[in-house]
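Residue numbers begin at 1 in each chain, while the letters A, B, ... track the order of the sequences.
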There are 2 protein chains.
Amino acid sequence: MPTLQDVARIAGVSRSTVSRVINDHPSVDPRTRRRVQRAIKQCGYRPHAIARSLATKRTRIIGMIIPEAVSRLFTDPYFALMLRGATDACNRSGYQLILSLFTASVDSKTMHDRIVHNGYVDGVLTANTCLDDGLVPRLLDTGIPFVTIGRHPDARVSYVDVDNIGGARMATEFLIHLGHKRIGTITGPLNMTPAQDRLTGFLKAMGDNGLPVPDALIVEGDFTEAGGRAAMARLLEERPTAVFVASDSLAIGAVKAIQGAGLRVPEDISVIGFDDLPSAASLEPALTTVHQPIEGLAQLAVEVLIDRLKRRVQNGIAVQRVVLPTELMVRRSCTRPS
Amino acid sequence: MPTLQDVARIAGVSRSTVSRVINDHPSVDPRTRRRVQRAIKQCGYRPHAIARSLATKRTRIIGMIIPEAVSRLFTDPYFALMLRGATDACNRSGYQLILSLFTASVDSKTMHDRIVHNGYVDGVLTANTCLDDGLVPRLLDTGIPFVTIGRHPDARVSYVDVDNIGGARMATEFLIHLGHKRIGTITGPLNMTPAQDRLTGFLKAMGDNGLPVPDALIVEGDFTEAGGRAAMARLLEERPTAVFVASDSLAIGAVKAIQGAGLRVPEDISVIGFDDLPSAASLEPALTTVHQPIEGLAQLAVEVLIDRLKRRVQNGIAVQRVVLPTELMVRRSCTRPS
DNA sequence: TTGTACGCGTTATCAT
DNA sequence: ATGATAACGCGTACAA
């Protein structure tokens, strides 16, 4: 592999000049610039990223950390879409993405150290961390630039999120407008902010419309289909006419539980989900749900992070937060109460 | 951040000695070793990966390349499981994984160059590349160590794969033993080796048992649910009593098409899939399918790659190939012909 | 066993 | 505008 030195020899200039050409430094004579560029082409020179990183202290690599709790949701397309969005945004801006999933073989602290302290990453993206896994505090402590996908209560963290509260409220109000009064909800794990927020939105809609929500109509699930099935089984005893389910995976399980009990969706019970997974439209019945732009959210997260990385050279390190709107996808799984 | 120099000062030795301690070099006095280790603890020294890489020319980073064609299958849990396996194996061996998905924003050649030529990755893992996307030839050309997940016909490539031919044959023979004679198949995209191999296994089983396979009983799909639905719609006209479907996603679509036509699975048509996705067991009816160890396959791929990276220092660069067995998961979607 | 000195490929500072 | 020269942090022959 040719180096700066080689190019310099061929072009008959010094390394410094070649370096300037490569980095688009303004003060270099147009003629020598062309000479150097020819030399670069000729010997097939490509800058060595590692050497460059050693000198600049920047790698153009960002680390994506996904804790164990979420990687359990692995069978959920959510994860794949997020990754697609993140890598796509990275591609666009010439960054690379190092992926690290917490798995059983290595604990959270070790992973964090390996990612953060080895100097390979300029910044970190982290998705849907639980409130209690200690990752965010550690990141704050380290001082490495990071952005979370999904809000975090700490005032110092920058995040991107979708309007979970608004989306949940919108979904619930849709049920209310259809005429439902006895509405239940299946929540996600309440140690995750999206689950909390969707419950909040649900309760707000119900409260605003003067509808009571007895405790028995709120069942906590775990964002999986099996969890949805189990939660719905319990909810069935309370005979709601409609259910707001905090994720599509949960909703799929809930629908199966309803059908398994010999009831029909939506004739006996209306079901509305959250996420708008690719499969939601082709379920039987097609699932009414709240669309969230997962891929776009991840893209945005990367952009915000890169923006922070650039600003850091200056001193404008104010917290950045962006919340994206959701959208109601009306399909067949909801109808008026009979 | 403290450097070798700092540690050396504190311990009262030279940088070289500290370096030796860190790299477990044998020839260093136990007493000085302890002194150095104390110094390291004291100032919280951590080796700087980039500087180290510049000197050793190794990064302990492997790049995972997934071409566009596969990233379309994104909604398939296959992808997530593969990633989980790969990252897990990386964690275990102290490697990092740089993920790069080919997306619309950047073409294949550019991506390849960015990954391979910048010196950030020691080796490359690539999943299910199409035969015609040119990635493998480029990798061979570059000379970078790589392993593909899924076999590749070129004699120079190392790969790990599951026994697609054997699995398909096993599935087909299961149908034959049940008494089926008129058996159709829905294949994957035939520019991908797994799709080819599964078709081969199917044909072999049929041939070995003296069963004819008219062309009309072979329909090419694209590994998606929608594709399965469309393919099955065509296949229905031929009235097979059983169908071997080359993937579970396809099979899910096929089942829906059958049910949509007012027929029952398995009473009217038996369906057998391939993959054993997590959802296969909870479908209605539960899907009989061929289990393939996706996560384990990815782990293995990482291990083989790392093995090659280590051997490369020596000269044993023989091609390595491993094929993992599959397993038949008998569930409800197959029965004897009526 | 330990230290010296050089190299890894760039960037950046300072003269010229 | 260009060219020495010193970092960047570490590994490693080689010498001691």
Side-chain angles (χ1 to χ4, degrees), chain A residues 1-40 43-61 94 116-122 309-310 313, chain B residues 1-40 43-61 94 116-122 309-310 313:
Chain A
M1 286 280 93
T3 74
L4 272 190
Q5 194 62 266
D6 301 324
V7 178
R9 243 191 312 267
I10 297 178
V13 295
S14 75
R15 289 198 326 248
S16 322
T17 305
V18 180
S19 176
R20 290 194 188 94
V21 169
I22 288 172
N23 296 307
D24 290 320
H25 195 87
S27 64
V28 44
D29 187 284
R31 292 209 336 242
T32 52
R33 177 183 299 271
R34 272 195 300 278
R35 254 209 339 274
V36 169
Q37 280 163 340
R38 254 205 315 278
I40 290 176
C43 66
Y45 167 81
R46 307 181 121 281
H48 190 304
I50 295 187
R52 180 179 275 188
S53 294
L54 185 60
T56 60
K57 298 182 173 316
R58 295 181 307 106
T59 60
R60 295 183 80 83
I61 294 180
V116 169
H117 283 306
N118 71 359
Y120 269 141
V121 304
D122 288 343
L309 294 179
K310 291 188 173 146
V313 186
Chain B
M1 287 280 96
T3 75
L4 273 191
Q5 193 63 266
D6 301 325
V7 178
R9 244 192 310 268
I10 297 179
V13 295
S14 76
R15 286 201 334 249
S16 329
T17 303
V18 180
S19 176
R20 290 194 189 94
V21 169
I22 287 173
N23 296 309
D24 288 322
H25 194 86
S27 66
V28 43
D29 188 284
R31 292 207 337 239
T32 51
R33 178 182 298 272
R34 272 196 298 278
R35 253 211 336 274
V36 169
Q37 281 164 339
R38 255 206 314 279
I40 290 177
C43 67
Y45 169 81
R46 309 181 120 279
H48 190 303
I50 295 187
R52 178 180 279 191
S53 295
L54 186 61
T56 61
K57 300 185 172 312
R58 295 182 306 106
T59 60
R60 296 182 80 84
I61 294 181
V116 170
H117 283 305
N118 70 1
Y120 268 140
V121 304
D122 289 341
L309 294 179
K310 290 187 175 149
V313 185

Whole-Å distance, His117(B) NE2 to dG9(C) P, equals 16 Å

Taking any heavy-atom pair under 4.0 Å as a contact, classify Arg46(A): base, sugar-phosphate, or nothing. sugar-phosphate

From CE of Met1(B) across to P of dG9(D) the rounded distance in Å is 11 Å

Whole-Å distance, Arg35(A) CZ to dT2(D) P, equals 8 Å

*Could you check whether Thr56(A) gets within reach of a base, just the sugar-phosphate, or nothing at all, counting any heavy atom under 4.0 Å?*
sugar-phosphate

note: His48(A), atom NE2; dT11(C), atom C1'; distance rounded to Å ~ 15 Å

_Categorize Thr32(B) for me: base, sugar-phosphate, or nothing, with a 4.0 angstrom heavy-atom threshold over every strand shown._
sugar-phosphate

- Message: Taking Tyr120(A)'s backbone N and O only, do any of them form a donor-acceptor pair with Thr59(A)'s side chain (distance below 3.5 Å, no angle check)?
- Response: yes

From CZ of Arg60(B) across to P of dG11(D) the rounded distance in Å is 13 Å

Here the distance between atom P of dT12(D) and atom CG of Leu4(B), to the nearest Å, is 12 Å

CZ of Arg38(A) to CD1 of Ile10(A), rounded to nearest 0.5 Å, is 11.5 Å

Out of dT10(C), dC10(D), dT2(C), minimum distance to the side chain of Ser27(B) belongs to dT2(C)

From CG of Asn23(B) across to P of dG9(D) the rounded distance in Å is 17 Å

Determine yes or no for a side-chain-to-main-chain donor-acceptor pair under 3.5 angstrom, with Tyr45(B) supplying the side chain and Asp6(B) the backbone. no

Checking dT10(C), dG7(C), dT12(D) against the side chain of Ala55(B) (C-beta onward), the nearest is dG7(C)

The reported gap from OG1 in Thr17(A) to CZ in Arg33(A) (rounded to nearest 0.5 angstrom) is 10.5 Å

Any base atoms under 4.0 Å from Leu54(B), or only sugar-phosphate, or nothing? Heavy atoms, all strands. base

| Can any side-chain N or O of Thr56(B) pair as donor or acceptor with the backbone N or O of Arg52(B) at less than 3.5 Å? | yes

Phosphate contact (dT11(C) OP1 or OP2) by Arg52(A) side-chain N/O below 4.0 Å = yes

Arg34(A) CZ to dA1(D) C1', in whole Å, measures 15 Å

Residue pair Asp29(B)/Ala51(B) against DNA chain C: nearer the 5' end by closest nucleotide is Asp29(B)

Q) Judged by atom type as modelled, is there a donor-acceptor pair below 3.5 Å linking the side chain of Asp29(A) to the main-chain atoms of Arg31(A)? A) yes

Q.
I'd like to know if the side chain of Arg20(B) reaches the main chain of Ser27(B), judged simply by a donor and an acceptor atom lying under 3.5 Å from each other, with no hydrogens or angles considered.
A. no

Tell me whether the OP1 or OP2 atom of dG9(C) has a side-chain N or O from Lys57(B) closer than 4.0 Å.
yes

Report all interatomic pairs (protein N or O, nucleotide N or O of nucleotides 3-6 of chain D) with separations under 3.5 Å.
residue	atom	partner	partner atom	Å
dG3(D)	OP2	Ser14(A)	N	3.0
dG3(D)	OP2	Ser14(A)	OG	3.2
dG3(D)	OP2	Thr17(A)	OG1	2.6
dG3(D)	N7	Arg20(A)	NH2	3.3
dG3(D)	O6	Arg20(A)	NH2	2.6
dA4(D)	N7	Ser16(A)	OG	3.4
dA4(D)	N6	Ser16(A)	OG	2.9
dA6(D)	N6	Arg15(A)	NH2	3.2

